[in-house]
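One structure is given here, and the rest of the page talks about it.
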Amino acid sequence: MKKELLRKLPKVDEVLLSDDIENLIELHGRTLVVDSLREAIDFYRNKVLKDEINNFEKEEVINYSIGLIHKKSKPRLKRVINAAGIVIHTNLGRSLLPKEAVDSMVMVSEGYNNLEYDIEKGKRGSRYSHIEDLIMKITGAEGAVVVNNNAAAVMLALNTVCENKEAIVSRGQLVEIGGSFRVPEVMKFSKAKLTEVGTTNRTHLYDYEDNINENTGVLLKVHTSNFKIMGFTEEVPLEEMVKLGHKHNIPVVDDLGSGVLVDLSKYGFIYEPTVQESVRKGADLVTFSGDKMLGGPQAGIIVGKKEYVDRVKKNQLTRALRIDKVRIAALEATLRCYLDEKEAVKKIPTLNMMLMSEEEIKKKAQRLKRKLSGISKDFKVKLGEDYSMVGGGSMPMEKMETVVLRITSSKYSSDEIEKYLRLYDTPIIVRVYKGEVIIDVRTLLDKDYDIIAKALKSYENK
Ligand SMILES: *Cc1c(COP(=O)(O)O)cnc(C)c1O
């Protein structure tokens, strides 16, 4: 019985001769088609061997393999819809880029460009030259250099000024950010020796001063980003660290993490130290991310005193951590928006989403609700108030008031609906809270509305 069934399994060579499969080979290539056929046949063979089925049709196996072919031929990295209301969602690719940045990325990818070519001199140029002046102008710093990401920027800054020397850091700032950036680990790779001072909740200026010796290489300040200690706390302000450092001729490095270039407190957010402020207060090197609140591509930006930035540029590690042309293009275009703050707020999606007015959010929510008017009676859709998050380890305490759609069903659990939406052709990432599926419209793009509506309307035929 089993043997008979196994004999019924189609042979790869046989199936390859059919017209349908030939067409698929034309479209997707022979390797992918053959792999999928083998996988489908194996799948059915295993089912027979494990007595999970006692009959099947050849057609079934072939259809299963065609399903696999379609699945495998799609890119694994794909667009998803962020309906979770977390603006800088690290798992979903952090910041969206302004249109200008996207155009610029395409432009430098499609054709040759002057990445390292000085057109005026007709000689070799520097890849950093395209963004250096712009960053200096916006931040007020004497020098700037850009690398792969902020983790690299911190490592590079420390390695440059503190190799085999001691870096003094407050215990309250030895944080882990996003599960992969841990200050002590990064320090190890930079070959700086960690000297922890103070306590978790309180560190005083004398804690730094008492630990300074002839082998001290740097005073490091780390923005605790996604972590907040409340109550009886004390941190030494940057300007005091700078004063102390300079008295002893020791540079001060400030890892800002998110690196805001616009003071968002005037838009009602809690005050977050800007890059300009760190520069003004005299930090020798300041490091921050390109794709957090700055709203650009993944990058690590180092700004500061010319003397130190020049040393960073000469560090051999800079070559290993360098940023590619595509992201330089995106960063230049994003930074250009900052030359006029009003433009920045309008054009940069991350800022735009954070600063979206209540009225605009309400309109977006109503628009989505209207689009959902035709869905099955088993679903209930209600508008409600809720909070969005900034994300990316930035402003963890900041809750932005938003309007959400709360979806419940008499037939399906919220977890089932969440899973269905997540596995949809264009995955839709939502929140689930207390048995409701929550769709936050703050992070939706124009083209997302119809897809969400279509997904929910076709729920029954899934
Ligand atoms: C996010 C963050 C980093 C890491 O930055 P990446 O750009 O993700 O490498 C480092 N330091 C702080 C304080 C951060 O917030």
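Read the numbers this way: they start at 1 and go in the same order the structure lists the ligands and their atoms. For this chain, numbers begin at 1 and follow the sequence in order.
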Task: Nearest neighbour of atom 6 (P) of ligand 1 from the list A152, G257, S289, on a heavy-atom basis - done: S289
TODO: Determine, using heavy atoms of K292 and all atoms of ligand 1, whether some pair is separated by less than 4.0 Å.
DONE: yes
- [ ] Mind running salt bridge (charged side-chain N to carboxylate O under 4.0 Å, His left out) on E116 and R127 for me, showing each step along the way?
- [x] CA-CA 5 Å; E116 290 193 347; R127 66 178 57 220; 2.8 Å; yes
Open item on the list: Counting only nitrogen or oxygen atoms and a 3.5 angstrom limit, does N150 reach ligand 1?
Closed with: yes
Open item on the list: So, taking the atom named CG in L219 and the one named CD1 in I250, what distance separates them when rounded to the nearest 0.5 Å?
Closed with: 5.5 Å
- [ ] Consider ligand 1: state whether an atom of it lies below 4.0 angstrom from any non-hydrogen atom of K221.
- [x] no
- [ ] Check ligand 1 against R94 and write out every atom of the ligand that is under 4.0 Å from a heavy-atom position of the residue.
- [x] 6 (P), 7 (O), 8 (O)
Open item on the list: As an exercise, state the distance from CE of M136 to NZ of K306, rounded to the nearest 0.5 Å.
Closed with: 8.5 Å
Open item on the list: Nearest 0.5 angstrom please: E234 CD to L205 CG, how far?
Closed with: 9.5 Å
Open item on the list: I'd like to know whether ligand 1 has V154 as a neighbour, heavy-atom separation below 4.0 Å.
Closed with: no
Task: ligand 1 contact on R182 by region, counting heavy-atom pairs under 4.0 Å - done: neither
Task: Donor-acceptor pair between R311 and T160 side chains, under 3.5 angstrom - done: no
Task: Nearest-0.5 Å distance, CG of residue L294 to CZ of residue F288 - done: 6.5 Å
Open item on the list: If I apply the N/O under 3.5 Å rule, does H223 come out as touching ligand 1?
Closed with: no
